[in-house]
Amino acid sequence: MMRRIVAVVLLGEPALTDPFGAVAAAAELAGSGRAEAILLARPEDAEAAAAQAAREGAAEITLVTDSGLSDPPQPEHWLELLAGLLAEDARGMLLLLPGGAVGEELAARLTMRLDAVPLGRCGRIVEDGARLIAHRAAYGGRAELVLETGAPRCIATMRRPAAPPKPAADPVIRRADLAIPFAADAPRPEVLPAAADRPKRVDAARIVVSGGRGMGGPEGFALLRELADMLGAATGASLPAVDAGWASVSQQVGQSGAFVAPDLYLAVGMSGTPQHLAGIAPHSRIAAINSDPEADIFRVAEVGLLAPWQEVLPRLIATLRDG
Amino acid sequence: MQVVVLLAGVVDPKWRLDRLGLRPGTELADESGLPRRLSPFDEAALETALKLRDADPAVRVTAVLPGDVGSDALLRGVAAFRPDRAFRFDTSGLAPWDPRAAVRLLGLAVGAACGCPDLVLMGREFGDCDDGVLPAALAEAQGWRFCGLAHAVAIADGRFVAHRIRGPREELLRLPPPALVSITNDRGNRLRHPLMKNVMLAKRGPVEVVTPQAGAIPRAVVARSLAVVPPPQRGAGACRILSGPVDAQVAELAAYLRARRQAAAP
């Protein structure tokens, strides 16, 4: 019997920028007519979400509503809902959760609740009979690890594939109304008030202006922020720049930071390590400003300006302001 | 208060990986000749543990480094920061690919550090082959409270107050013990420098090794291959390097940015 390929959609989760990405990944993996989607939602969001899941290629859709979900829902509550929904289901399954911190945490914790095998953040999964072959990055994105398992229940996270999904023509829609209580002793996060200077969210931006170790200090990042404001962009940073305190951890882009998929990624003072590039969608255009002609960033950039940022950024800001 | 910090170590990210693979006939990665160091996330977890002890002398920090004899130099480096105890949890001959097996081993490692930890700290990714599964899975397997990707932890009223940014929100999470918190890098948790005398003491001192009494750990995942891969190709693969005087280059880049801004407009 074939394994079910089931994607999870967490509607209303503020940390997710592409909640349906795993559905598109499941549809591509499973082929026509086989992908399933479980949509967790509050009742008022459910119907529109089902239509979207069908457009992403889900042939079977289970709409799970719980009026007890808070706004925004708590990750602990997502976990309880998924575990409650799937605990009694003994069928072979590959469960896909969306990429990003919330999906990855839920996937890991759910494997322990469901006695499943975690496959991690996969770039590609292939079915080989009853076995799964999972391809995922290792060594900071510098190597690829290929794993094989015959375990009946596996859980992974996947991002949206490059190819657009084929919509499901006539999806089967089931509904389940659950009332799984949120444990009284589960910790609830205290959300801090947003600071006035909180950086624009990097993982949802159409243009990202990003700085690396080559910026040399916080002064350069002040110019990057000014440039980003002029372009309607978010300001990103590499791990060394965040480590140095020139940018916030929320701005970190890379294998170990945010995954960004902008139309344009302007990399300033960045060498272009594989670890950093792993956090930029393959379809994103890259432009680079760097004084080192040997910098790897020029191997992947579309346009490059070979000069120190100190000479370029003030002029660039002035030119854009005048124009 | 018992704080256990689990450290993984990684192949030095600055070191170019020219070749990497599985040792023939095994599932073990051949990392010969590649230097190892603490990852930025290991360092952040260690610094967080040391800060908790700085703030409260009743905190006892135990640093645990799973690995084989090749990890002893790294452990000496950790010992130079003077945790109350540092030991290597011997995982010789064990491949790290199966997260469930790894979680079981890490549970044994924490158990060897102390019977009942109040707080376990780990980097947000545990070594070169984990992308964040292990901290969350270990917490769940052990029944500990969990907070992922915190950049600061403090103790208040017997609870651990973890500070994190998740999506658009900045959050505080108050966790009763026992808890596991995975730590991400941040300016506030950059690892301090050890005192030279402590570096020398750690170099001369013995390395404590704890061997797990695990028996056979069932495995559900095997590694088929491990290989260095080039970054994916982007665009046409040829960068147009601007030329001419800097002002002309800047003008051309500005025109390019304006065009992209217009194209990206909703």
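Convention: sequence-line order gives letters A, B, ...; per-chain numbering from 1. Remember, predicted model here, so these are calculated numbers, not experimental data.
- Between B/R145 and A/D185 there is a salt bridge, since a side-chain N of the basic residue sits under 4.0 Å from a carboxylate O of the acidic one.
- B/R187 and A/A244 get closest at one heavy-atom pair: NE-O, 3.9 Å.
- With 3.5 Å as the limit, one finds no donor-acceptor pair spanning the side chains of A/Q255 and B/D131.
- Shortest non-hydrogen contact noted between B/V229 and A/G141 is CG2-O, 4.5 Å.
- Of the listed residues A/I317, A/V102, A/L306, the one with more heavy-atom pairs under 4.5 angstrom with chain B than any other is A/V102.
- Looking at B/Q249, the atoms closer than 4.5 Å to chain A (heavy atoms on both sides) sit in the backbone and in the side chain alike.
- Considering OG of A/S248 and NE2 of B/H151, their distance stands at 7.5 Å, rounded to 0.5 Å.
- The closest side-chain heavy-atom distance from A/R121 to B/E125 is below 4.5 Å.
- A salt bridge links B/E140 with A/R113: the closest approach of a Lys/Arg side-chain nitrogen to an acidic carboxylate oxygen falls below 4.0 angstrom.
- Heavy-atom pairs under 4.5 Å with chain B peak, among A/T149, A/V191, A/T319, A/L305, at A/L305.
- Considering all non-hydrogen atoms of both residues, B/C239 and A/G304 come closest at SG-N, 3.5 Å.
- Heavy atoms of A/A205 lying under 4.5 Å from chain B are absent altogether.
- Most heavy-atom pairs under 4.5 Å with chain A, from the set B/A141, B/G127, B/P13, B/S182: that is B/P13.
- To the nearest 0.5 angstrom, A/L192 atom CG is 4.5 Å from B/L172 atom CG.
- The contact between A/E105 and chain B is made by backbone and side chain atoms together, counting heavy-atom distances below 4.5 Å.
- With rounding to the nearest 0.5 angstrom, the OH atom of A/Y139 is 3.5 Å from the CD atom of B/E31.
- Between the A/R315 side chain and the B/A251 main chain, no donor and acceptor come within less than 3.5 Å of each other.
- For B/R159, no part lies near chain A; criterion is any non-hydrogen pair under 4.5 Å.
- Put simply, of A/R142, A/R285, A/R188, A/M230, the one with the most heavy-atom pairs under 4.5 Å next to chain B is A/R142.
- For A/T17, no part lies under 4.5 angstrom from a heavy atom of chain B.
- Per-residue heavy-atom pair counts under 4.5 Å with chain B were compared for A/A318, A/P193, A/A116, and the maximum is reached by A/A116.
- Rounded to the nearest 0.5 angstrom, B/R258 CZ and A/L231 CG are separated by 10.0 Å.
- Using modelled atom types, one side-chain atom of A/R136 and one backbone atom of B/C129 make a donor-acceptor pair closer than 3.5 Å.
- Taking a cutoff of 4.0 Å between a charged side-chain nitrogen and a carboxylate oxygen, A/D128 and B/R224 qualify as a salt bridge.
- The two residues A/A101 and B/R166 make their nearest non-hydrogen contact at O-NH2, 4.1 Å.
- In this structure, the portion of A/I133 lying under 4.5 Å from any heavy atom of chain B is its side chain and not its backbone.
- Note that the CD atom of A/E148 and the OG atom of B/S225 stand 10.5 Å from one another [nearest 0.5 Å].
- Note on B/L20, B/L175, B/L22: by heavy-atom pairs under 4.5 Å with chain A, the leading option is B/L20.
- Highest contact tally toward chain B, considering only A/T157, A/L320, A/V117, is held by A/L320 [criterion: heavy-atom pairs under 4.5 Å].
- Ranked by heavy-atom pairs shorter than 4.5 Å toward chain B, the options A/P187, A/A288, A/G100, A/S284 are led by A/P187.
- A pairwise comparison of heavy atoms in B/L257 and A/L264 identifies CD2-CD2, 3.5 Å as the closest pair.
- Proximity to chain B (any heavy atom under 4.5 Å) is restricted, for A/I289, to the side chain, taken from C-beta onward.
- Looking at A/D115, the atoms closer than 4.5 Å to chain B (heavy atoms on both sides) sit in the backbone and in the side chain alike.
- Two residues are said to be in side-chain contact when any heavy atoms from C-beta on lie closer than 4.5 Å; A/E190 and B/R174 meet this criterion.
- In this structure, the side chains of A/T111 and B/P99 stay at 4.5 Å or more apart for every pair of heavy atoms.
- By number of non-hydrogen pairs under 4.5 angstrom with chain A, the leading residue of B/D98, B/L17, B/V10 is B/L17.
- A distance-only check finds a donor-acceptor pair linking the side chain of B/R124 to the backbone of A/S256 [under 3.5 Å].
- Proximity to chain B (any heavy atom under 4.5 Å) is restricted, for A/L79, to the side chain, taken from C-beta onward.
- In this structure, the portion of B/L149 lying under 4.5 Å from any heavy atom of chain A is its side chain and not its backbone.
- Taking each heavy atom of A/G120 and B/V133 in turn, the nearest pair found is CA-CG2, 3.8 Å.
- Contact count against chain A (heavy-atom pairs under 4.5 Å) is highest for B/I241 among B/I241, B/L134, B/V228.
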Please report the C-alpha distance between B/R261 and A/R206 in whole Å, then the side-chain angles of each, then the deciding distance to 0.1 Å, and finally whether the side-chain contact (heavy atoms from CB on, under 4.5 Å) criterion is met. CA-CA 8 Å; B/R261 178 179 56 186; A/R206 305 292 298 272; over 6 Å; no
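- Formation of a donor-acceptor pair under 3.5 Å by the B/D128 side chain with backbone atoms of A/A138 is not found in this model.
- Between chain A and the residues B/P168, B/A255, B/G188, the largest count of heavy-atom pairs under 4.5 Å involves B/P168.
- Of the two parts of A/R109, the backbone and the side chain both hold a non-hydrogen atom closer than 4.5 Å to a non-hydrogen atom of chain B.
- Considering B/L191, B/N189, B/N185 in turn, B/N185 is the only one that fulfils the side-chain contact (heavy atoms from CB on, under 4.5 Å) rule with A/D243.
- Heavy-atom distances place the side chain of A/L266, and not its backbone, under 4.5 Å from chain B.
- Heavy-atom pairs under 4.5 Å with chain A were tallied for B/V222, B/D186, B/V221, B/I165; the largest tally goes to B/V222.
- Residue A/R213 qualifies as open at atom CZ: its count of foreign heavy atoms under 6.0 Å is 12 or below.
- Only the side chain of B/R190 comes within contact range of chain A, with at least one heavy atom under 4.5 Å from a heavy atom of that chain.
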